[in-house]
Amino acid sequence: ELEIRPATVPKKVLVVGGGPAGMEVARIAALRGHRVTLCEKRERLGGTAFFSSLVYPPNGKLVEYLVTQVRKLPIELRLGVEVDEKLVAELAPDVTVVAVGARREPPAIPGAERPMVLSGDDLRDLITGDDPSVAREKLSLGQRALVGAGGLLGLGDRPELARSLSKRWMPVGKRVAILGGGLVGCELAEFLSERGRTVHVVEESAHFASEMAMPRRARVLYELREAGVELLRKTRTEEIRDGGVVVANTEGERRTIAVDSVILAIGTVENRKLGESLAQLGGEVHLIGDCTGVGYLDGAFQDAARLGREI
């Protein structure tokens, strides 16, 4: 680890967002002697990396490490708190760091609003129980009962148990189309195929999982093909219908894939609104991580490590 030098002038630092980028910048700032307050709108730390640890377990080790370090340090934690201009004015920080992650834009695909269609956020909320309104919109009464039971078991705080129980039941049908073949889409495909789902991954570009490092990318794509996952490259989704997804490739060939569920692994964009709003209050405001453009964990950590040492 790079040397962490004490701050010349200790400052009041407000970190907005309890994902890996937020926790890392809070950790470094606290080690340097700054007075740090970390706010997270959900009741747990970890952000999307907590949920992705269900799909890719090494992310769980990372979240566990960061949460442990943050709780050991003299950092004021405020969980379940939505940061707004009023709160920032009340706390009066010298430096505000916004690390709220990316936002998701609904795709302009006819039928994307159907109950069978789940975004990554929807799937996370169904498994963790963070947002009951998602279950009411997307699930039957019996399925909602199972999700409620998962909430009582505390699956949102026990990723290993959630991963184990997901092999018996998940709020996803037996036939699944994943729209988007990037890192997230391919990780989800691997996760779902291991749980007995028939999976189709639809990707508009010529390449799958281009964000993954080698040799992991080669291994994942090989295992997906071996598991019978259909990887459709240079293919766009034209419409989502009840029971099917209409796709077309660059040669103009159209087909309908029979599915029970559709998962959106597309539409992730930068999320600057809160940061720009807080910047209007004056003072020093920094945006890091995926809210400035999707860079995944590597990009988030680079941002956090750099800024934590510069404050």
Side-chain angles (χ1 to χ4, degrees), residues 51 54-55 104-129 131-150 162 165-205 208-209 221 223-268:
F51 174 66
L54 298 178
V55 179
R104 279 79 182 169
E105 283 191 347
I109 300 172
E113 74 288 346
R114 294 179 182 276
M116 67 187 285
V117 181
L118 301 172
S119 68
D121 289 343
D122 291 337
L123 193 57
R124 176 190 64 204
D125 288 333
L126 289 175
I127 291 176
T128 64
D131 188 351
S133 67
V134 176
R136 289 194 295 270
E137 290 178 13
K138 301 291 185 179
L139 303 182
S140 67
L141 185 60
Q143 289 173 324
R144 293 202 299 271
L146 288 170
V147 169
L165 291 179
S166 68
K167 294 178 181 178
R168 300 189 178 188
W169 184 83
M170 283 190 67
V172 175
K174 291 294 184 182
R175 302 170 299 173
V176 182
I178 298 174
L179 308 188
L183 180 151
V184 173
C186 288
E187 283 187 346
L188 278 171
E190 186 177 34
F191 178 74
L192 291 172
S193 68
E194 289 172 352
R195 282 149 181 80
R197 269 54 177 189
T198 299
V199 182
H200 311 264
V201 182
V202 183
E203 169 58 36
E204 290 199 16
S205 77
F208 291 94
L221 295 180
E223 291 182 353
L224 288 177
R225 293 186 176 100
E226 287 294 296
V229 173
E230 184 179 24
L231 300 175
L232 299 169
R233 65 187 183 94
K234 295 184 178 180
T235 301
R236 71 181 185 278
T237 303
E238 294 192 335
E239 183 183 0
I240 300 171
R241 301 173 177 172
D242 282 338
V245 174
V246 181
V247 300
N249 62 22
T250 52
E251 283 73 43
E253 299 170 339
R254 300 173 79 248
R255 59 179 281 209
T256 299
I257 305 171
V259 297
D260 307 302
S261 298
V262 177
I263 298 178
L264 303 176
I266 53 176
T268 304

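For the single chain, residues carry numbers from 1 onward in sequence order.
- One finds the NZ atom of Lys174 at 11.0 Å from the OG atom of Ser261 (value rounded to the nearest 0.5 Å).
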- What do the steps show when you test Glu187 against Leu183 for side-chain contact (heavy atoms from CB on, under 4.5 Å), and what is the final call? CA-CA 6 Å; Glu187 283 187 346; Leu183 180 151; 3.7 Å; yes
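- Atoms CZ and CD, on Arg233 and Glu204 in that order, are 14.0 Å from each other to the nearest 0.5 Å.
- At least one donor-acceptor pair closer than 3.5 Å links the side chain of Arg197 to the backbone N or O of Arg195.
- Side-chain contact between Val245 and Ile109 is absent, with no heavy atoms from C-beta onward closer than 4.5 Å.
- Between Val262 and Leu118 the shortest side-chain heavy-atom distance does not fall below 4.5 Å.
- Taken from CD in Glu203 to CG in Leu232, the straight-line distance is 10.5 Å, to the nearest 0.5 Å.
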- Task: Please step through side-chain contact (heavy atoms from CB on, under 4.5 Å) for the pair Val246 and Ile240, ending with a clear verdict.
- Result: CA-CA 6 Å; Val246 181; Ile240 300 171; over 6 Å; no
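- The distance from the CG atom of Leu264 to the CG atom of Asp122 is 8.0 Å, given to the nearest 0.5 Å.
- Distance check, rounded to the nearest 0.5 Å: CE of Met116 to CZ of Arg241 gives 11.5 Å.
- In plain terms, the two heavy atoms of Cys186 and Ala209 that are nearest each other are SG-CB, 3.9 Å.
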- Report the C-alpha distance between Arg225 and Glu190 in whole Å, list the side-chain angles of each, state the deciding distance to 0.1 Å, and finish with yes or no for salt bridge (charged side-chain N to carboxylate O under 4.0 Å, His left out). CA-CA 10 Å; Arg225 293 186 176 100; Glu190 186 177 34; over 6 Å; no
- Item | CA sep, side-chain torsions, deciding dist, call: Val202, Arg236, side-chain contact (heavy atoms from CB on, under 4.5 Å) | CA-CA 7 Å; Val202 183; Arg236 71 181 185 278; over 6 Å; no
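- Looking only at side-chain heavy atoms (C-beta outward), Asp260 and Val176 stay at 4.5 Å or farther from each other.
- The two residues Val229 and Ser193 make their nearest non-hydrogen contact at CG2-CB, 3.8 Å.
- Taking a cutoff of 4.0 Å between a charged side-chain nitrogen and a carboxylate oxygen, Glu253 and Lys234 do not qualify as a salt bridge.
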- Task: Test side-chain contact (heavy atoms from CB on, under 4.5 Å) on Ile178 and Leu192 and set out the steps.
- Result: CA-CA 10 Å; Ile178 298 174; Leu192 291 172; 4.2 Å; yes
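- For the atom pair CG of Leu179 and OG of Ser119, the computed distance is 11.5 Å after rounding to the nearest 0.5 Å.
- A pairwise comparison of heavy atoms in Val184 and Ala265 identifies CG1-CB, 4.3 Å as the closest pair.
- Minimum heavy-atom separation, Ala189 to Val201: CB-CG2, 3.7 Å.
- Taking every heavy atom of both residues into account, Gly111 and Val117 meet most closely at O-CG2, 3.8 Å.
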- Task: Run the numbers on Arg254 and Glu238 for salt bridge (charged side-chain N to carboxylate O under 4.0 Å, His left out), then give the verdict.
- Result: CA-CA 9 Å; Arg254 300 173 79 248; Glu238 294 192 335; 2.7 Å; yes
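- Looking only at side-chain heavy atoms (C-beta outward), Leu231 and Leu221 come within less than 4.5 Å of each other.
- Closest non-hydrogen pair, Ile266 versus Gly180, comes out as CG2-CA, 3.5 Å.
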